2 protein chains.
Amino acid sequence: MPRAGLSPDVVVRLALEVVDAGGPSGFADLTLAKVAARAGVAAPSLYKHVGSLADLRREVTVIAVRELTAAGTSATVGRAGADALHALADAWRRYALAHPGRYAATQIGADPDDPADAVHRAAGEESVRTVVSVLRGFGLPDERVVDAVRAVRAGVHGFVTLELGAGFRMREDVDQSFTVLLDMLVAGVAALAAPDPAQATTGSDR
Amino acid sequence: MPRAGLSPDVVVRLALEVVDAGGPSGFADLTLAKVAARAGVAAPSLYKHVGSLADLRREVTVIAVRELTAAGTSATVGRAGADALHALADAWRRYALAHPGRYAATQIGADPDDPADAVHRAAGEESVRTVVSVLRGFGLPDERVVDAVRAVRAGVHGFVTLELGAGFRMREDVDQSFTVLLDMLVAGVAALAAPDPAQATTGSDR
DNA sequence: GCCGGAAAGCTACGCCTATTAGCCAAAGGT
DNA sequence: ACCTTTGGCTAATAGGCGTAGCTTTCCGGC
């Protein structure tokens, strides 16, 4: 009975392979049995390295969130304003399209009350920090930053989710549609920063 | 040995109860065992009324998509332009917040090749039709309609998804953030209709 | 009013998952 | 060399979907 040379890190790495091999539903379909098969080991053996399937999912999620964050930050260094926002959104979308399973993992929300989710929570906040930095470059008033962050996250995340979920027909035009959406968001954020001209729409404030 | 008085429709109704009782993950957590428990029946008995769990999910999905569509259309009758778009988006968001489990069901994409998904596919197209109608009121050129539809769907869907997934802290400001996002989308769609940089809001020419 | 068949329950089973318990061999430090 | 820790294993429990086959109830036709 030879050893398989597993370790917590190796198990997580194999889990990532399973997620990547499963397409957009790779994360939802992540199973200890599949990881064990890839490791050449019986399923219960994994418990020597991992607490539970939930733990493994959590670790995969944190890695994915950090990768997404890193993609965003590295895409925006040396850029500002609309340029930076485009680069950030493009980086997010590219990551999602290149690693749909991992991206799905990032959609999981951390439980605000669960201490086990503390790392996950911190990773999410770190990710938001990138967006905040980029948007601050637009000179937004502090109380509007949160609105802008939410709008950008919602737009990009929604687009990518719909795209991955086969929500769009006419594949060819998807890039253009994404550009259009981004232009809307950039213009909207810019308008939030400088609400003086006659183009204030109907929005008002509350 | 008494009969439970089940029928396909009753089983679907019970499934909807299970989905509704399960919060945002109610659809993902839908299980034949739970439906059977609610019906007061052993799980295999359900197969007299339903082909499989997948079938039951499909039926739930179609109902949810149709309800979401109906919420959108009924909210936009007699409205046009920015008014209609606001009403449509509000209706979507209200539906999602009121029925998070059913809304999650609507996120499932129909398989373009699976004949069993034909009804699902049709329901989805019907839903898109509402958005197209509303956006046509902005006088968009035909080739931009698809971009606008995608932007609006992405923005609203992304926002609601993040909101349901506990992606937002500071609950109080969420309504305002949604309004801000909608204003961006309205202005963006209007700008698509009238691409003069001068005025970005009045989209009612043509 | 009876009776036969279809419909709607049931139990038992097979196969999949996660997870726990307890055993045994391999690695490695002393 | 030994002996402890560690990392595998098998066996078993619990819960999920789905199938097979049995039994009971209901209803329509006589």
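Quick note on labels: first sequence line is chain A, next is B, and so on, each numbered from 1. Keep in mind it's a predicted model, so treat the numbers as computed, not measured. For the numbers below, each heavy atom of this structure counts, side chains included, while hydrogens, waters and symmetry mates do not.
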Item checked: Sorted by number, the residues of residues 24-52 of chain B with heavy-atom contact under 4.0 Å to DNA chain C -> Val41(B), Ala42(B), Pro44(B), Ser45(B), Lys48(B), His49(B)
Check: Do the side chain of Asp117(B) and the main chain of Ala110(B) share a donor and acceptor less than 3.5 angstrom apart?
Finding: no
Checklist line | Straight-line distance of His99(B) NE2 to Arg94(B) CZ, nearest 0.5 Å | finding: 11.0 Å
Check: Has the side chain of His86(A) got a donor or acceptor atom that lies under 3.5 Å from a matching backbone atom of Ala82(A)?
Finding: yes
Check: With a 3.5 Å cut-off and just heavy-atom distances, do the side chain of Arg3(B) and the base of dA7(C) make a donor-acceptor pair?
Finding: yes
Next item on the list: For Asp173(A) and Ser177(A), test the side chains for any donor-to-acceptor distance below 3.5 angstrom and give the result as yes or no.
Entry: no
Margin query: To the nearest 0.5 Å, what is the distance between CG on Asp9(B) and CD on Glu59(B)?
Written below: 8.0 Å
Item checked: Value in whole Å for how far the C1' atom of dC17(D) lies from CG of Asp55(B) -> 13 Å
Checklist line | Distance, rounded to the nearest Å, where Leu53(B) contributes CG and dC15(C) contributes C1' | finding: 16 Å
